[in-house]
Every structure is written in C-alpha cells, then in structure tokens.
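Report on the structure given below.
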Amino acid sequence: MKVEGQGTPRNQERSRESSTSAYAVQCGKCFKWRLISTQEEYETIREKFIENPWFCDKKSNVSCEDPSDIEYDNTRTWVIDKPNLPKSPAGFKRGLTMRKDYSRMDSFYVVPTGKKVRSPAEVEKFIDANPKYEGVGKDLNFTTPKIMEDTIPRNVEATNSSKRMKTSKVDDD
C-alpha cells in the first residue's frame, strides 16, 4: 500500500538528518497521489487506512477527475509506510532518517521533553523517568517505511549485503 513519499531533489546534497518533504496518499479508486498538508493529518489517515481507505473526495474540492497532486517518479526518493501504524501520541513526534547508502531508514520519536528516543528500550527509560506518560509506549511504533528502489539516485553505491550479493552474482556470469 503506497502512502508516503520521501522527497529529495537530485541536485541537492543530502544531510544525515533527512526530512520528509511531502506526505502523500494514494486514492483507492483512481490511484492518483494526493498531497497531505501535515504529518498529523497523514498519520490520522494512515492509522485507519485498511478499515477506512482513502479516496480523493475526502480532500476538500478534489475528485478523481482532477489531475494528481504529485507523480510517482524518480525525481525524489519515495518511501512507503505500512498501513495502520498508530498515530503519534500528543506531544510526541515521529521522525525518519535516511541512511547515506539508502539501504534503510531509521525511525525515532521526539518526546515532550525534546529528547529523541530510537528504540522501545529508550521509550521505557523515558516512561520510567516520566510516569505521567505511562501507557503511550504502545502507540510508539518504530516500523520503518519501505524505500522504493526505483527512486533511489543512481549515483548511490549499494552497501548492504543483499545488494552486494546480487551485484557479485551478475558480475560472475
């Protein structure tokens, strides 16, 4: 299910802390991509995507007859979130960082104190130190989106082992 795009213009240098330049959702009827204005709105859609599929007419003054807001192409690197991930609790913000080799993304949350937590163990430590947030841990999900390989810049060297194996098999023939 395609529901999020990670955008990076090809002619700009990537920083370690990449940011999502656009949130998009694909219509379940016409399959056109529609931009979503905020991360919070995107997370609300994603949270119930299977039970409540998204259609163009859910966006004000838009229908399936209108052109796409954004095209899926390789002018940006796209990543696709899994549907039905929980929405970030109030005061928490989910973030993603693309690895330099584009092999995967890392997820983290910025907690209400401003600190980043990168794992369930760090969430547990935060909750132990801040008991008023007891129970929010179940809504913090560190699942990372799938990177769409056909949108990765060509000049990026593959460094993960599965890509290296594929390359070496091709070279051996």
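Only this structure's heavy atoms are used, side chains among them; waters, hydrogens and symmetry mates stay out.
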Quiz item: Between atom CZ of R46 and atom CG of D81, what is the distance when rounded to the nearest 0.5 Å?
Solution: 4.5 Å
Exercise. Show your reasoning for whether side-chain contact (heavy atoms from CB on, under 4.5 Å) applies to W33 and V25.
Key: CA-CA 6 Å; W33 288 97; V25 64; 5.7 Å; no
Quiz prompt | S107: partners by side chain to side chain donor-acceptor pair (under 3.5 Å), with sequence neighbours left out | solution = none
Practice problem: Without swapping roles, check the side chain of N141 against the backbone of L85 for a donor-acceptor pair under 3.5 Å. | Solution: no
Quiz item: Yes or no on side-chain contact (heavy atoms from CB on, under 4.5 Å) for E41 and Q39, after CA distance, side-chain angles and deciding distance?
Solution: CA-CA 6 Å; E41 182 182 2; Q39 180 177 353; over 6 Å; no
In residues 122-138, what donor-acceptor pairs under 3.5 Å come from side-chain atoms, sequence neighbours left out?
| unit_1 | atom_1 | unit_2 | atom_2 | d |
| --- | --- | --- | --- | --- |
| E122 | OE1 | R118 | N | 2.8 |
| N130 | ND2 | F126 | O | 2.9 |
| K138 | NZ | G135 | O | 3.4 |

Quiz item: Given side chains that start at C-beta, do those of M105 and I147 come closer than 4.5 Å, heavy atoms only?
Solution: yes
Quiz item: Taking only residues two or more places apart in sequence, or in another chain, which ones meet K29 in a side chain to side chain donor-acceptor pair (under 3.5 Å)?
Solution: none
Quiz item: Are F92 and Y42 connected in the hydrophobic side-chain network, where two residues link if heavy atoms are under 4.5 Å apart?
Solution: no
Self-check item: For E47, side chain to side chain donor-acceptor pair (under 3.5 Å) partners two or more places apart
Solution: none
Quiz prompt | ring-ring contact (aromatic ring centres under 6.0 Å, His included) partners of F142, counting only residues at least two apart | solution = Y109
Quiz prompt | Non-hydrogen side-chain atoms of R34 and D66 separated by less than 4.5 Å | solution = yes
Self-check item: Shared hydrophobic cluster, V156 / L96 (ILVMFWY, side-chain heavy atoms < 4.5 Å)
Solution: yes
Self-check item: Euclidean distance, K32 NZ relative to E71 CD, rounded to 0.5 Å
Solution: 9.0 Å
Self-check item: Centroid-centroid under 6.0 Å between W78 and Y72 rings
Solution: yes
Exercise. May I have the step-by-step check of side-chain contact (heavy atoms from CB on, under 4.5 Å) for K93 and S88, ending in yes or no?
Key: CA-CA 6 Å; K93 184 172 173 123; S88 299; 5.9 Å; no
Quiz item: In Å, rounded to the nearest 0.5 Å, how long is the span from OG1 of T144 to CZ of R104?
Solution: 4.5 Å
Self-check item: Set of residues satisfying salt bridge (Lys or Arg N to Asp or Glu O under 4.0 Å) with respect to K87, sequence neighbours excluded
Solution: E40
Quiz prompt | Flag, side chain of N74 to backbone of P153, donor-acceptor distance under 3.5 Å | solution = no
Quiz prompt | CD1 on I36 to OG1 on T44, rounded to 0.5 Å | solution = 10.0 Å
Exercise. Report the distance from atom CG of D101 to atom CD1 of I152, rounding to the nearest 0.5 Å.
Key: 9.0 Å
Quiz item: Is the closest side-chain heavy-atom distance between V117 and F108 below 4.5 Å?
Solution: no
Quiz prompt | Positive for salt bridge (Lys or Arg N to Asp or Glu O under 4.0 Å) with D106, one of R94, R99, K116 | solution = R99
Exercise. State which residues pass side chain to side chain donor-acceptor pair (under 3.5 Å) with T38; sequence neighbours excluded, sorted by chain then number.
Key: none
Scan the side chains in residues 55-65 for donor-acceptor partners under 3.5 Å anywhere in the protein, sequence neighbours excluded, and list what turns up.
| unit_1 | atom_1 | unit_2 | atom_2 | d |
| --- | --- | --- | --- | --- |
| K58 | NZ | N52 | OD1 | 2.6 |
| K58 | NZ | P53 | O | 2.7 |
| K59 | NZ | L35 | O | 2.8 |
| K59 | NZ | D69 | OD2 | 2.7 |
| S63 | OG | E65 | N | 3.2 |

